[in-house]
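Working notes for the structure below.
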Amino acid sequence: MEYSPNIIEKHWQKYWKENQIYKVSNDSTKPKYYVLDMFPYPSGAGLHVGHPMGYIATDIFTRFKRLKGFNVLHPMGYDAFGLPAEQYAIQTGVHPAESTAANIVGFRRQMDNIGFSYDWSREVNTSDPAYYKWTQWIFLQLFDHYYDTKLDKARPLSDLISHFETQGSSNVTASNSFDGSFTAEEWTSFSAKEKDEVLMNYRLVYRKVGYVNWCEALGTVLANDEVKDGVSERGGYPVMKKAMMQWSLRTTAYAERLLKGLDDVEWPESLKIMQRNWIGRSEGARVFFQVKDHPNLAIEIFTTRPDTIFGATFMVLAPEHDWVERLTTEACREGIEQYKDYVQSRSERERVSEVKKVSGAFTGAYAIHPISGNEIPVWISEYVLKDYGTGAIMAVPSDDSRDNAFAKHFKLPIIEVIDRSAFPNATMEDKVGHLMNSDFLNGKNIVEAIAAALDYIEHNGLGTRQVNFRLRDANFSRQRYWGEPFPILYDPEGVAHAVDVEDLPLELPKLDDFKPSVDGKAPLTKALEWLHPIDGWVREADTMPGFAGSSWYFLRYMDPENPEAFASKQALDYWQDVDLYVGGAEHAVGHLLYSRTWHKFLFDIGKVPTPEPFRKLINQGMIQGRSNFIYRANDKFFMAYLEKKVFADLMGDIDYVKETKSDFESATNYDYSIKGSNLVIEVTSFKQSDKIARIREIAAANGKRLLVIANETISRNINNPKHIEAIIRENLHSSVPFVISEYDKEPGQLYVSHNLTYKYDESNFSAINIDVNWLENDVLDIEKALASNMYKNADFKLDPNGKFTCSWEIEKMSKSKYNVVNPDHVIGEYGADCFRMYEMFLGPVEQSKPWDMNGIDGVAKFLRRFWSLYASPDSVLLTNDAPAKPELKILHTAIKKVTEDIEKFSFNTSVSAFMICVNELKKLNCSKREILEPLTILIAPFAPHVSEEIWQNILNNEGTVFDASFPSFDEQYLKDDEIDYPLCINGKKRAIMSFPAEENNANIENAAKSHPDMEKWLEGKSIKKVIIVPGKMINVVA
RNA sequence: GCCGAAGUGGCGGAAUUGGUAGACGCGCUGGACUCAAAAUCCAGUGACAGCAAUGUCGUGUGGGUUCGAUUCCCACCUUCGGUACCA
């Protein structure tokens, strides 16, 4: 029996499908286990070999858990709303739903090819109205709730309204953005519009002014991704910040719980740190600074260093701060306006990261220092952001590096307030030293001073203690078509009303033109009938962001078809939460924070049973591309070649002069003249006819005969420099005034291999990405290249061994770099089992690594060897003989290693363990059923197809191998009688000594000391002590 | 800039809690089988010196702790991810 992966893999994929082997029930007596992959955006490019790495790992884990007796949920679906489909629609007119559906078909086909154990009956698609109905439903719940900071949970907005009706705004404990107060009577007398405006400051989704990247020239709002260096990526047009009314998600309400919840989940510490830093909890004080000549204005700042308040010599507001307008004096207005124009052109990233660039403008206003009473100037600068803290800071140039740079640049005073003389290496931001120049704080250390300053500030009514978060409320509006429509209607007053839950889903209207409308308004404003369902009323025309649908999809998998709820209580109670979540670290603070927020909200309103969605999480690395390069010869190369290969190697008998040319002359003078002859030579492309004509005139004027050697001639004769020699010799002493060498009418470029670039100056070549699918072991298959459009006329200069070798580099896997490898191709050649195992064999799942086909033959060879234990080409080899002790040891070593490796997600080492196991069994020619049957189950999670084939057709078992149970190892087979100890002298290994496993330390020490070579190793020193680590090593210290 | 991760032979990587650095695989070299090729099998393969035994060096760089450091500590360099509208 031959091992034919392509036949058996298709066969068993069909069998699994027909017998619904991977269908998962919500009703089982087995313990549950939920394994989840971060779901993909179905891009038009399809899956490349990087995508399935995590999926293969979870598939292995899923099958392993199943073999261990769990009811395992392992679903897959599509994050199907997104910008690429919309851009494609704008370019081609193809509706995003259409292109997305087509892309999903492609993804699905590619995934099926790999043999995953997904329960496809649970597939979800965020752009399906039956799905986004529930995204909209959750949005409406958020809209109808506020966050009670005392109970620390979300509560219905109606509770808050009752409170307003009885007590007004006093005693409200809620996350809010409300600025002001009102009584119960005032509340009752408010108009609907006024009430709506107040409530917006409390809802968990609410409207506020946000800033977008506005590109006037393109007439559209751009994603940060589409902006490069302050201009649009497409077209390079200027991009400005533009204020727009936007929906926001009040993530800050959950900041504290998002932080605390991290203690309860099993995530990589680095990821928790990233989330903690992103949330950025800091304790400090809000302090009010009165403004001179503005009795009703007090600038609110937040500081984590109230101890340095005496060092505050100026204030800085964000240029967008509401009060900049009012504070600016006439004399300063022009400067402020100019500066604001400049800031509008700057991205937030640039503003924060370009720390060396100092800029700002003076408003003309002065604030009163709340303690010293000094007047300090109020400036604006881009390094203060509107959404961070209060959008205003007290600047302490002695203890903050950006304030310091600002003060130095604008020659503002600096008062040292921390004496760091006891800590000579301390930097400005280190919290060490004692206070000085600070009135009542003098002499205190920083911790004492912070406490004292806080007390003072509170007692004197200058401000209050406050906990602040770096985390900001998430912008929830997109001026796009391809996203969930908001189920919101505005009445003629502009009051936002929720669409009735019975009317969900609110479907996207059909559109033909997906471009944004005037002023960057969302494309949906063009769907007039949809937009105005009732006279005078208007729908929200923005759509939700990508993270809306992806913030709760893992819940839908539990009960994907339910029309009554996003998932039934029964399903939620059974599956609870995700036990293992695998995905890229690029989602560390985006998706993972948003889904935790949504989940906590759903927990608060009693819809999910757990406060955290993802119990354990593993970050997978990215698969990088491995690009190959060929080198295109440029004009300089042909001259270099002529000098080296023809003049130097073959024509030592003649003298030539290389005409020196300035750049200006290069087009008007020939390259070489030959001494003792009136011949001059020009090397150039025959296509440069103007240039040749000019040089011909010059040569004639100088009384010279001109020989033009076409680049194309050299290119075609690159391995035959004698041909070029012959051309020159033929013309040396003739009388023909002008000769041009023969050339092909349809010449191509000359490309040289990497090896050749060593022999010439690198400026003779440009490196070009070449399709990696045309190479094997970095050797280019010339036939494949010549068969392509791009290289059909190309000349390739081969190495002396007849090969064309390319250089390589690790880059991002992308179409433009021609380094994308499609899993289908790999599977076509090697089979899915081999592909799966090779992806795992490449390295640890958590690490990023380059895709490189060079090692896959080893895995293919392994699978053939594995198969050859069971069957030869003409017969089954299996025997029922009793296994010998060494065979059992080999098997149980593998079981132990593989089990431990799977549990810690170390699949590359388990593949190695399989290789070792098979190599050793092969050496013993072991074909015993008692060894090979457990081995089949052991390898089944990794190579499901070949295992199923062996299980059913060679081992002749009934039913799928995935209903078997995973073998367990027996320690008794693993024990060694003898242990080899390395003998080290001062930590350096010198010899190996063998001892019985149970040997005592004294005997080992004596044996070591009396080693015949000991004297030589000691080099005259005496033994100080001997360290023996039982079972590990012996170290003699001299 | 800030936050996080990674750096070990020609290449991907291994090394359990601080204990034999380079498992396993690719590639390369030599050999067997074959008319030949493919496939398969055997041996070798970190660098340097040496016929060899063996010795010296060696885990991004520089320091430190330790009997012993790829592993722990300090400083730095390079690459990758994120940086709030790519997903």
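Computed from a predicted model, the values in this text were never measured in an experiment. Proteins get letters first, then strands, A, B, ... in listed order; numbering begins at 1 in each.
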* Residue pair A:Arg470 / A:Tyr388: nearest heavy atoms and the distance that separates them -> NH1-OH, 3.6 Å

* B:A75 and B:G10, which share atom name C1', separated by this distance in whole Å -> 32 Å

* What does A:Ile1027 touch in the nucleic acid at a heavy-atom separation under 4.0 angstrom: a base, only the sugar-phosphate, or nothing? -> base

* Asked: Nearest nucleotide by nearest heavy atom, which residue falls closer to the 5' end of RNA chain B, A:Arg990 or A:Val1037?
  -> A:Arg990

* Going by an N to O cut-off under 4.0 Å, is there a salt bridge joining A:Glu540 and A:Arg207? -> yes

* **Separation of atom OH in A:Tyr981 from atom C1' in B:G68, rounded to whole Å** => 17 Å

* Apply side chain to side chain contact (heavy atoms under 4.5 Å, CB included) to the pair A:Asn819 and A:Trp808, showing each step before the final yes or no. => CA-CA 10 Å; A:Asn819 60 4; A:Trp808 58 270; over 6 Å; no

* Asked: Hey, does A:Leu271 reach any base, or is it just sugar-phosphate, or nothing, if we go heavy atoms under 4.0 Å?
  -> nothing

* Looking across every strand, which nucleic acid part, if any, lies under 4.0 Å from A:Met915 by heavy atom: base, sugar-phosphate, or nothing? -> sugar-phosphate

* Nearest-Å distance once atom C1' is located in both B:C77 and B:C41 -> 47 Å

* Give RNA chain B the dot-bracket treatment, 5' to 3': Watson-Crick (N1-N3 with N6-O4 or O6-N4) or G-U (N1-O2, O6-N3) under 3.5 Å, [ ] crossing, | other strand. => (((((((..(((......[....)))((((((.......))))))((((....))))..(((((..]....))))))))))))....

* So A:Leu780 and A:Asn628, side chain to side chain contact (heavy atoms under 4.5 Å, CB included) or not? Walk me through it. -> CA-CA 9 Å; A:Leu780 179 65; A:Asn628 279 111; over 6 Å; no

* List in chain and number order the residues that pass side chain to side chain donor-acceptor pair (under 3.5 Å) with A:Asp833, two or more places apart in sequence or in another chain; answer none if no residue qualifies. => A:His945

* To do: Heavy atoms under 4.0 Å is the rule here; annotate nucleotides 75-87 of chain B 5' to 3' with B where the base is hit, S where only the sugar-phosphate is, and - elsewhere.
  => ------BSBBBBB

* Chi-based syn or anti call at B:G13, which uses purine or pyrimidine torsion atoms and a 90° bound -> anti

* Asked: Rounding to a whole Å, what distance do you find between A:Lys272:NZ and B:A5:P?
  -> 14 Å

* To do: Any chance you could measure A:Arg626, atom CZ, to A:Asp778, atom CG, to the nearest 0.5 Å?
  => 4.0 Å

List, with names and distances, any nitrogen or oxygen atoms from the protein found under 3.5 Å away from nitrogen or oxygen atoms belonging to nucleotides 14-18 of chain B.
{"from": "B:A14", "atom 1": "OP1", "to": "A:Asn908", "atom 2": "ND2", "distance (Å)": "2.8"}

* Rounded distance (Å) that lies between atom C1' of B:G10 and atom NE2 of A:His754 -> 13 Å

* Is A:Lys241 salt-bridged to A:Glu320, going by a charged N under 4.0 Å from an acidic O? -> no

* What is the distance, rounded to the nearest whole Å, between atom CG of A:Leu262 and atom C1' of B:G4? -> 14 Å

* **Lys/Arg N to Asp/Glu carboxylate O, A:Lys386 vs A:Glu348, below 4.0 Å** => no

* If you measure from the Lys or Arg side-chain nitrogens to the Asp or Glu carboxylate oxygens, is any gap between A:Lys896 and A:Glu900 under 4.0 Å? -> yes

* **Which residues share a side chain to side chain donor-acceptor pair (under 3.5 Å) with A:Arg402, sequence neighbours left out** => none

* **P spacing across the pair B:A37 / B:G31, given as an integer number of angstrom** => 12 Å

* Asked: Do A:Gln624 and A:Glu809 get their side chains close enough for a donor-acceptor pair, meaning under 3.5 Å?
  -> no

* **Side-chain heavy atoms of A:Thr126 within contact of A:Tyr78, under 4.5 Å** => no

* Does the side chain of A:Arg480 reach to within under 4.5 Å of the side chain of A:Pro545, using non-hydrogen atoms? -> no

* Would you jot down, in residue-number order, the residues of residues 852-868 of chain A having a non-hydrogen atom under 4.0 Å from RNA chain B? => A:Asp852, A:Asn854, A:Gly855, A:Gly858, A:Lys861, A:Arg864, A:Arg865

* Structure fact -> A:Trp851 atom CH2 is separated from B:G13 atom C1', nearest whole Å, by 15 Å

* Structure fact -> Side-chain contact check for A:Lys849: nearest option of B:U20, B:G13, B:G25 is B:G13

* With P as the reference atom in both, quote the distance from B:G58 to B:C76 in angstrom, rounded to an integer. => 24 Å

* Could you tell me the separation between the CZ atom of A:Phe914 and the C1' atom of B:C24, rounded to a whole number of Å? => 13 Å

* If the C1' atom of B:U20 is compared with that of B:C26, how far apart are they to the nearest Å? -> 25 Å

* Can you tell me how far P of B:U71 sits from CE of A:Met1033, to the nearest Å? -> 16 Å

* Asked: Between A:Thr543 and A:Trp482, does a side-chain hydrogen bond (donor to acceptor under 3.5 Å, both in side chains) hold up when you go through it step by step?
  -> CA-CA 7 Å; A:Thr543 51; A:Trp482 193 228; over 6 Å; no

* Distance, P atom - from B:U65 to B:C11, rounded to whole angstrom -> 33 Å

* **N/O donor-acceptor pair under 3.5 Å between A:Asn1035 side chain and A:Gly987 backbone** => yes

* Atom CD1 of A:Ile623 and atom P of B:G12: how far apart are they, to the nearest Å? -> 13 Å

* **Cation over ring face, A:Arg596 and A:Trp278, 6.0 Å, 45°** => no

* Which sits closer to the 5' end of RNA chain B, A:Lys356 or A:Val1036, going by the nucleotide each is nearest to? -> A:Lys356

* Asked: Any idea which of B:U20, B:G25, B:G19 is nearest the A:Asn919 side chain?
  -> B:G25

